[in-house]
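Predicted model, so just to flag it, every value in this text is computed and none were measured. Throughout, a chain's letter reflects where its sequence line sits, starting with A, and its residues are numbered from 1.
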Amino acid sequence: MENGFAAQITGVLAALILLTAFALLVQRRIYGLLHIFAWQGLFLSISAAVVGYSTGLRHLYISSALTLALKVFALPYILYVLIHRLKIQKEVEEVVNIPTTMLIGIALVIFSYHLTSPVRELSTLMTRSTLAVALATVMLGLLMMITRRNAVTQIIGFLSLENGLFFAATSATYGMPLVVELGVALDILIAAFIFGIFFFQIRTTFDSLDIKEMEKLKEED
Amino acid sequence: MGFRGTAIWSAVPFQGRGVVIPSPLESVSLSVVIFLVTAAAAPLLKSRQASLINIAFSASAIASVIAAFAGFNAVATGAVETMVLPVGLPDLPFYLRLDATSGFFVTVTAVLVFFVSIYSIGYLKGFIGHPAGLAGQRKVTSLAVFYCLFVAGMLMVVLADDAYFFMISWELMAAASYFLVVFEDENKEARRAAFIYLLIAHVGAILILLSFGVMAGLSGGFENFNGYTFSAMRASHIPGVWKAAAFFLSFFGFAAKAGVVPLHVWLPEAHPVAPTNVSALMSGVMLKVAVYGMVRVSFDLLHVSDWRMGGVVLVMGLVSAVMGILYALMQVDLKRLLAYSSIENVGIILVCLGLAMIFKSFDMTALASLSLVAGLYHITNHAMFKGLLFMGAGAVMHSTHERNMERMGGLIHRMPQTAVFFLVGCLSISALPPFNGFVSEWLLFQAFLLSPSFPTPLLNLIIPLGAALVALTAALSARCFVKVFGVVFLGRWRGQHDTTVNETGLEMRGAMGFAAFACLALGLLPVFFIGWIDAIPRELVGGRVSETASEFGWLWLTPVAAERASYSAPVVFAGILAVVAAAYLLTRIPRAGVRRAPVWDCGFEKITPRMQYNSTSFAMPLRRIFGFLLSVRETVRPSGADPAFPKRLTYRLKIRDRIWHGCYMPVADASFWIARRFGRLQHGRIQIYLLYSFATLILLLVFA
């Protein structure tokens, strides 16, 4: 009964994560993107805690706390400061228009459900149905990176992709070992710093954060 | 271990006072350590270049003397000594081994390194220049460091007794020599040459690694590392096909380093641009280290017993010898010419090795050991005379600041001693008695001439043909060095400014003198030399030459039997001296003084030194005869109003290496073409790159 309830909650959280992933694709304003990303982190953190509570795996609480600290507060704050300092345009520039992106996103979700159907039949874990959502989040993150032009939005896409991976880890295997978890968290933090440095470098070199400028870097014929 | 060679060590003064006398292997290791320490310490003297040169190269000279004595003892006693160093990866220690074969190569290497180190002291002073003049000034710290590393690498290759240590040493040697070639790195030509060298060295190293992989896997199993020692490889019996695979992989791998045609292209590029002391070492001993690899793998580890393998080696050797000397004849750049001549000499060494393999596979141990001895003798000789010639060329370039022979001439008046030493080198390499080149080539001809008929018709065809080609090579090489000596030292100066040309310093002349003396000594006392290396043919092919060779004492060399062939260098030398003395007396005594008069100018009044017979004109007949083997483009264009009475003639001669354009350029072009096709994938847009990964991910998810 307890497990059934937990599964229900996880399902709801999975739906919310998927929703935020789509929201990231739709959102045109950069501060809005940050908020949505923070919400996604929050849902992720709660879902890890719920899975940890229902299965009695203690280390998932630590994962949950880490996610809360890093993805809900630290990273959005760092990005906020960056955007503020760099005085980035508040509008997101996209390569493909938003309705088309949405349609591709929906196709990806269906594809993920189709892909994970054999796993759902074989697995006995209570979180098994959320694997498809996790995979879809990964793909939507990648899609976001492909369709956005600004370097900051690319980073948010990358972080959302990482969220998807984390969700896949909790849903498919009840979380990775704690060591791996800590390592990944640290990596993300370091990545954020490196991004920050790179942003300033790109900015000083190209006078813009539009990565279209980097097309000049290819080999001349 | 007790051995005869202790006698030499007891000459060391502190013997008998309780000091432990190091064994040969320990001495060679000590010498390697000295080289490595010198390399590490050299940068400390960076700000004092003159003392850096003195200290670093004196240390190298001392270390090489230690190694030379140790190697000499190891060969003389024929004792085998091994050592395991507890360094390397866990469970994969380094194995060292000093037997007669490696002792021989240690000795040859160390002796030439000794000469070249002394030479370098004088030669490199030209690089740092005089304190007053800034022109040509240059730091030589990196040269000293990599020189020591290079020599240490060569000695380590020869000492290595497992594939792992061998490859590490091999790569140390290759990397150090790369930095030596690229020493004058502001020069575009040097960078290009060094790149080609590195490329071919790596292709060779991969082949060698694969060969060791095959041997190690088949001798110790593919699941563990037990087979990586040479002793495991030596003990195992590798089945036929794999044996051939291992043999050819290693042969071509070593051939890339030894400069065998068609893998020779790096050699004529790298030698001219490297500092001359480095070229002397690369040509004199580095090529021999590659030959050592061939000898070690084919005779010792694989026990080659198939005549077809020997046949391939023989044919490759013949092609290298003939092509090498033909290209050498066409050159006008002195160092490039010497580089091509090294290709020829490596070819001759390979002919000896190939013959030894063929004889061994038919169980003719006496002939096999004769050919092997001829090969080893030629290795020593080539190290000595090619080292001498490169040192001489360096001396000439040092004084004239010129590499092109067409702008030299008459240097015998300016540099009389260098001229004499260079002449000794030319006579030796042209295989003229009483110098050393003659002995080894004569031994090779004996091996050819004494070879009986074989059960396979192909060999019966190749062997006489091979003898003829070796004879042709010897003749062409004599012609080549007549050209070199004649154009550089005789006649009159062709260049622009000759006021600065004068004799080189004492160190350089001393080193050349040592090498010239070694050439003469090796030519006069072949019986001692053959007796010294007796252990090597016994170890490798199970036969010996020394008994029959020294049957008539040290004066007469009789490789197989006195009634078949005999040669006495001292007698020939005495004869030559007598003839020269007689000629001198006859020409000098009757007429006192030389009459000097104007040269008959055929009625043409304005004769200039540029009208002398020069290098290009000397090579012209051969260019006509063998032009089809080379890629020669010759154009003569008259300019002026009336073509019948041209004001000026423009003569353009372009000789290119056919192999470079036939084998290497297509490969290079194809790889560039493919790279450009792949270059289209690069748009510089991150989105596109991400799309690549996204599409790959989706595809894999769908089809996996």
Side-chain angles (χ1 to χ4, degrees), chain A residues 92-96 101 104-105 107-119 131-132 134-155 157-158 160-161 164-165 168 195 198-199 202 206 209-221, chain B residues 89-90 178 182 185-203 206 265-266 269 660-661 664-704:
Chain A
V92 173
E93 299 160 7
E94 67 276 0
V95 180
V96 185
T101 322
I104 298 172
L108 286 175
V109 174
I110 295 169
F111 177 67
S112 316
Y113 268 95
H114 167 72
L115 207 65
T116 49
S117 58
V119 181
L131 189 61
L135 189 62
T137 315
V138 171
M139 288 192 184
L140 290 175
L142 203 52
L143 185 65
M144 183 172 168
M145 292 178 81
I146 292 171
T147 54
R148 293 302 150 87
R149 198 175 271 174
N150 190 293
V152 177
T153 42
Q154 295 234 314
I155 300 315
F158 172 76
S160 134
L161 186 154
L165 284 178
F195 292 145
F198 265 97
F199 286 164
I202 294 170
F206 296 111
L209 270 186
D210 190 339
I211 51 170
K212 198 165 178 251
E213 296 287 331
M214 286 203 263
E215 285 176 29
K216 290 174 196 157
L217 293 179
K218 73 171 178 176
E219 191 185 356
E220 298 287 329
D221 271 332
Chain B
L89 292 176
Y178 165 80
V182 82
D185 55 4
E186 72 281 355
N187 185 351
K188 195 176 164 217
E189 205 186 337
R191 292 199 302 269
R192 178 174 175 270
F195 174 73
I196 294 174
Y197 169 55
L198 197 65
L199 188 73
I200 295 185
H202 272 96
V203 172
I206 290 169
V265 289
W266 63 271
E269 303 296 323
W660 176 257
H661 289 273
Y664 287 81
M665 286 316 282
V667 175
D669 289 343
S671 43
F672 276 122
W673 187 82
I674 294 170
R676 266 197 297 279
R677 294 280 98 73
F678 274 102
R680 289 194 183 165
L681 287 176
Q682 191 195 16
H683 296 273
R685 292 174 66 175
I686 291 179
Q687 283 95 351
I688 304 281
Y689 299 157
L690 287 170
L691 197 61
Y692 291 147
S693 8
F694 193 56
T696 315
L697 180 72
I698 299 280
L699 273 178
L700 289 179
L701 284 173
V702 170
F703 293 108

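Residue-environment remark: NE2 (A:His114) stays at or below the threshold of 12 foreign heavy atoms within 6.0 Å. Within a 6.0 Å radius of CZ in A:Phe111, other residues, nucleotides and ligands contribute more than 12 heavy atoms. No more than 12 heavy-atom neighbours from other residues, nucleotides or ligands sit within 6.0 angstrom of CZ on B:Phe672. Atom CZ of B:Phe195 is surrounded by 12 or fewer heavy atoms from other residues, nucleotides or ligands within 6.0 Å.
Summarising the geometry, atom CD1 belonging to A:Ile104 is positioned 8.0 Å from atom CZ belonging to B:Phe694; distances are rounded to the nearest 0.5 Å. Separation of atoms CG (B:Leu691) and CD1 (A:Ile146) is listed at 4.5 Å; rounding is to 0.5 Å.
Taking each heavy atom of B:Leu701 and A:Leu115 in turn, the nearest pair found is O-CD1, 3.4 Å.
With a 4.5 angstrom heavy-atom cutoff, B:Ile698 touches chain A via backbone and side-chain atoms both.
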